[in-house]
Amino acid sequence: MSDQLRPRASLRTAVVWEVLKDALERRVKATGRDALDVLDTGGGTGNFAVPVARLGHRVTVVDPSPNALFALERRAAEAGVADRVRGVQGDILGLFDVVERTGYDAVLCHGVLEYVDDPAEGVRNAVDALRPSGALSLLGAGLGGAVLARALAGHFTEARQALTDPAGRWGEGDPVPRRFTAEQLAELVSAAGVEVGAVHGVRVFADLVPGVLVDTEPGAMDALLRLEAAVAELPAFHSVATQLHVLGEKRA
């Protein structure tokens, strides 16, 4: 993966980007069209939208933040893809107030479900925006990663609270409203009419390794990236990942 096509904060996005890029390539072959229509719900400043547009696809970003959309516009212009990136203010629960149903070859729903009141409705809307056999890329906060992180920080009561709380929160100060297990995300996706193709653990080690080690040890960054890629598809590591990625295809 070239630096040009790698989204920023590669440790956090590399696994998802590689999986997404492969899925888009498969859709290109299946549709016979070089340029796909891609929807990025909650896409913010374009961490994924701009690299996807660099591949030649048309990307619509729906986000509730005007500031994020302004930054997206600037970022797309700097990357030379302003003509292929469109920002629209809105959110996933009111998605069809701003975009059309069944209008997209791929939908990204990254870091959205943990913040909406009704995750099931959010997933249904994302799927309803897809054309038949379209690709869904879903990224959500993982329960196990939060439990492990609190425990390793010595906050054992908070770790247990996250483990037993229905929303997976460790306390009142928890900035994340909701977390998921891999099984919960897969069930949401399947119930919405998507055939689950793969589940990946994201940031299994990246959030636990001291930053100074990655920054100063020669070759550490690349080695950690390779390790993350190696464990991403192994179910044994899904239970301790900071994030969980589900890739699926809308049933025809």
Side-chain angles (χ1 to χ4, degrees), residues 1-28 38 40 42-57 59 71-72 75 78-79 81 106 108-114 135-153 176 179-182 185-186 196-248:
M1 176 172 55
S2 71
D3 289 337
Q4 182 185 16
L5 295 179
R6 177 185 291 169
R8 292 179 183 180
S10 58
L11 270 177
R12 295 173 180 267
T13 60
V15 168
V16 178
W17 174 243
E18 285 299 323
V19 173
L20 176 62
K21 190 152 65 76
D22 288 346
L24 293 175
E25 288 173 1
R26 289 195 298 271
R27 292 310 305 151
V28 165
V38 179
D40 189 354
T45 61
N47 282 343
F48 282 91
V50 168
V52 168
R54 280 202 189 112
L55 295 176
H57 306 304
V59 188
L72 167 71
R75 190 174 188 173
E78 290 172 354
V81 294
L108 283 56
C109 183
H110 295 171
V112 173
L113 295 187
E114 45 268 68
L136 175 68
S137 175
L138 182 71
L139 186 67
L143 171 62
V147 174
L148 184 61
R150 299 318 287 173
L152 290 178
V176 179
R179 293 184 178 88
F180 305 90
T181 64
L185 285 180
V196 176
V199 178
H200 302 89
V202 179
R203 290 157 57 190
V204 175
F205 303 109
D207 292 349
L208 304 176
V209 176
V212 65
L213 174 64
V214 177
D215 293 337
T216 59
E217 188 71 21
M221 172 72 80
D222 287 340
L224 182 52
L225 282 168
R226 289 194 296 272
L227 178 61
E228 289 280 355
V231 303
E233 287 194 63
L234 299 178
F237 291 92
H238 294 169
S239 59
V240 294
T242 300
Q243 291 180 308
L244 294 162
H245 181 244
V246 178
L247 182 73

Student: Mind checking the CG-CG spacing from Leu227 to Asp222? Nearest 0.5 Å is all I need.
Tutor: 12.5 Å

Student: Can you confirm whether Thr181 sits close enough to Leu185 that some side-chain heavy atom of one is under 4.5 Å from a side-chain heavy atom of the other?
Tutor: no

Student: How many angstroms lie between atom CE of Met221 and atom CZ of Arg226, to the nearest 0.5 angstrom?
Tutor: 12.0 Å

Student: Under the ring pair (Phe, Tyr, Trp, His ring centres under 6.0 Å) test, which residues partner His238, sequence neighbours left out?
Tutor: none

Student: Restricting to non-hydrogen atoms, name the atom on Val59 and the atom on Ala53 that form the minimum distance, rounded to 0.1 Å.
Tutor: CG2-N, 3.9 Å

Student: What pairs with Arg27 under side-chain hydrogen bond (donor to acceptor under 3.5 Å, both in side chains), at least two apart in sequence or on another chain?
Tutor: none

Student: What's the spacing between Leu138 CG and Phe180 CZ if we round to 0.5 Å?
Tutor: 8.0 Å

Student: A side-chain contact here means heavy atoms from C-beta on lying under 4.5 Å apart; do Trp17 and Val52 qualify?
Tutor: yes

Student: CG/Leu108 to OG/Ser137 distance, rounded to the nearest 0.5 angstrom?
Tutor: 4.5 Å

Student: Can you name the side-chain hydrogen bond (donor to acceptor under 3.5 Å, both in side chains) partners of Thr45, sequence neighbours left out?
Tutor: Arg75

Student: Look only at the side chain of Glu114 and the backbone of Ala141, and say whether a donor-acceptor pair between them is shorter than 3.5 Å.
Tutor: yes

Student: Using side-chain heavy atoms (C-beta onward) and a distance below 4.5 Å, is Leu208 in contact with Leu152?
Tutor: yes

Student: Could you grab the distance from atom CG of Leu244 to atom CG of Leu113, nearest 0.5 Å is fine?
Tutor: 11.5 Å

Student: Can you label the angle between the His110 ring and the His245 ring as parallel, tilted or perpendicular, going by 30° and 60°?
Tutor: perpendicular

Student: For the side chain of Glu228 and the backbone of Val204, is there at least one donor-acceptor N/O pair under 3.5 Å apart?
Tutor: yes

Student: Minimum heavy-atom separation for Ala206 to Leu224, with atom names?
Tutor: CA-CD2, 4.3 Å

Student: To the nearest 0.5 Å, what is the distance between CG (Leu148) and CG (Asp207)?
Tutor: 10.5 Å

Student: Within a strict 4.5 Å, meaning less than it, do heavy atoms of the Val196 and Val246 side chains meet?
Tutor: yes

Student: I want to check something: taking the side chain as every heavy atom from C-beta on, are Glu233 and Val199 in contact at a cut-off of under 4.5 Å?
Tutor: no

Student: At their closest point, which heavy atom of Gly46 faces which heavy atom of Leu72, and how far apart are they?
Tutor: CA-CD1, 3.6 Å

Student: Check for a donor-acceptor pair, side chain of Thr242 on one end and backbone N or O of Arg203 on the other, with a separation under 3.5 Å.
Tutor: yes

